[in-house]
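Order of listing sets the numbers, starting from 1, for every ligand and every atom in it. Both backbone and side-chain heavy atoms feed into the values below; hydrogens, waters and symmetry mates do not. Along the sequence shown, residues are numbered consecutively beginning with 1.
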Amino acid sequence: MPSSQFGFVNPPVFHGSTVLFPDVATLRNRASQTFSYGLSGTPTTKALEDALDELEGSAGTILLPSGLAAVTVPLLSFLSAGDHCLVVDSVYSPTRRFCDGTLTRMGVTVEYFDPHVGAGIASLMRPETKVVFIEAPGSHTFEIVDVEAVCEAARKGGAVTMMDNTWATPLLFRPLDHGVDLSIHALTKYPGGHSDVMMGSVSATRETFPRLRATQLQLGVNAAPDDTYLVLRGLKTMGVRLERHGRSALALAEWLAAHDDAAAVLHPALPDFPGHALWRRQFGGASGLFGFVLKGDAKAGEAFLNALTLFGLGFSWGGHESLAVPSELSDRTIAREPDGGFLIRLQIGLEDVDDLRADLERGFVAARAA
Ligand SMILES: Cc1ncc(COP(=O)(O)O)c(C=O)c1O
């Protein structure tokens with residue numbers, strides 16, 4: 001509220017560990033106080049949590065130092081030894097590494113399911129299934145999950161549902177409105193928007209939030225003040241940036257779909273994409289990340305990528321600059337890359353779309369010569 005901060009439109013950045021109490025009674029009763037120690041939150045982190053609650057329609061949000069931590073903390077919150085966890089096969093590969101590593105070591109059984117499973121997930125539910133984890137669209141392969149059908153079956157089976165909603169942001173999809181219990185974001189991507197900050201968030205229902213917050217505080221992880229400020233600042237322009245990312249990405253996806261050197265384009269807004277109807281039904285739009293299959297072998301693919309001058313070669317996405325990476329899906333068991341060539345993921349930034357098209361054409365020329 002500007003009126004409570006001397007009229008300045010942005011909240012101040014609080015740096016702090018200690019919070020002083022006026023007397024012992026207040027100190028002993030600190031659990032009822034909004035702020036009692038730096039780790040459990042400051043007015044700066046609360047401003048971002050509140051903003052995300054409003055966007056997600058959630059009862060509470062926690063902040064974490066990376067998007068990956070926003071995946072691992074809710075999984076740790078709701079799983080114990082002996083439990084069974086269902087995870088979509090097209091999941092972000094570090095999520096899978098955590099499931100196959102830490103969760104398995106803890107005694108959790110992890111099973112991967114087909115992103116197109118829909119209501120069929122009911123047949124995979126066991127009495128000990130405690131979590132169903134969705135990511136949609138899938139990392140690199142962009143499959144769309146029928147979120148409502150999966151959540152309904154999970155709820156009937158007594159499991160908590162979590163969704164990595166980073167691709168859509170809450171502007172294009174609100175998981176809690178579709179039956180998901182916990183919505184996960186790598187705030188590093190579109191909310192930050194400028195490739196200068198790493199952060200994650202988990203937004204939860206009234207029923208699931210207390211356990212999530214308790215685990216966060218038991219683990220001792222929260223977001224840093226200046227990083228939180230950068231994400232608060234990024235959120236203010238996320239809507240207009242996302243519109244531009246989405247428009248440019250679709251224009252390039254359509255151009256690639258008609259290109260002789262592209263075997264397939266994996267973009268949910270293209271009418272012939274297998275998950276298109278489901279995407280239309282559930283999502284309010286598309287962001288700027290998609291994939292395409294270059295005709296040719298790895299040598300051609302590498303020549304394509306090495307010839308790009310405007311697209312950078314690097315991980316992450318959602319920032320102002322365009323990026324390209326070869327997709328590496330050797331850990332998948334179900335959601336493999338399409339046949340016919342070399343799969344490349346493109347993050348479309350805020351540059352001029354004609355310049356980006358010219359850069360991709362440079363890549364095609366190099367691939368043909370390889
Ligand atoms: C879908 C998805 N979720 C989570 C993450 C992790 O985010 P961070 O890089 O902030 O750890 C990423 C990162 O690329 C991602 O693509």
Got a donor-acceptor contact below 3.5 angstrom from the W167 side chain to the L289 backbone?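 A pair under 3.5 Å: yes.
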Has the side chain of W279 got a donor or acceptor atom that lies under 3.5 Å from a matching backbone atom of G285?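 A pair under 3.5 Å: yes.
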Residues that P94 engages under side-chain contact (heavy atoms from CB on, under 4.5 Å), provided they are two or more places apart: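 With sequence neighbours excluded, P94 shows a side-chain contact (heavy atoms from CB on, under 4.5 Å) to L68, Y92, R97, given in chain and number order.
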Partners of D359 by side-chain contact (heavy atoms from CB on, under 4.5 Å), sequence neighbours excluded?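 Testing D359 for side-chain contact (heavy atoms from CB on, under 4.5 Å), a comparison that skips the adjacent residues, returns L308, T309, L310, F311, R362.
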Who pairs with R213 by salt bridge (Lys or Arg N to Asp or Glu O under 4.0 Å), at least two apart in sequence or on another chain?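 Once residues adjacent in sequence are excluded, the partners of R213 under the salt bridge (Lys or Arg N to Asp or Glu O under 4.0 Å) criterion are E49.
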N/O contact list for ligand 1, threshold under 3.5 Å:
{"residue": "ligand 1", "atom": "3 (N)", "partner": "D164", "partner atom": "OD2", "Å": "2.6"}
{"residue": "ligand 1", "atom": "9 (O)", "partner": "K189", "partner atom": "NZ", "Å": "3.2"}
{"residue": "ligand 1", "atom": "10 (O)", "partner": "G67", "partner atom": "N", "Å": "2.8"}
{"residue": "ligand 1", "atom": "10 (O)", "partner": "T188", "partner atom": "OG1", "Å": "2.5"}
{"residue": "ligand 1", "atom": "11 (O)", "partner": "G67", "partner atom": "N", "Å": "3.2"}
{"residue": "ligand 1", "atom": "11 (O)", "partner": "L68", "partner atom": "N", "Å": "2.9"}
{"residue": "ligand 1", "atom": "14 (O)", "partner": "K189", "partner atom": "NZ", "Å": "2.8"}
{"residue": "ligand 1", "atom": "16 (O)", "partner": "W317", "partner atom": "NE1", "Å": "3.0"}

Taking atom types as modelled, find out whether K46 and T34 have a side-chain donor-acceptor pair closer than 3.5 angstrom.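 No, T34 and K46 have no side-chain donor paired with an acceptor closer than 3.5 Å.
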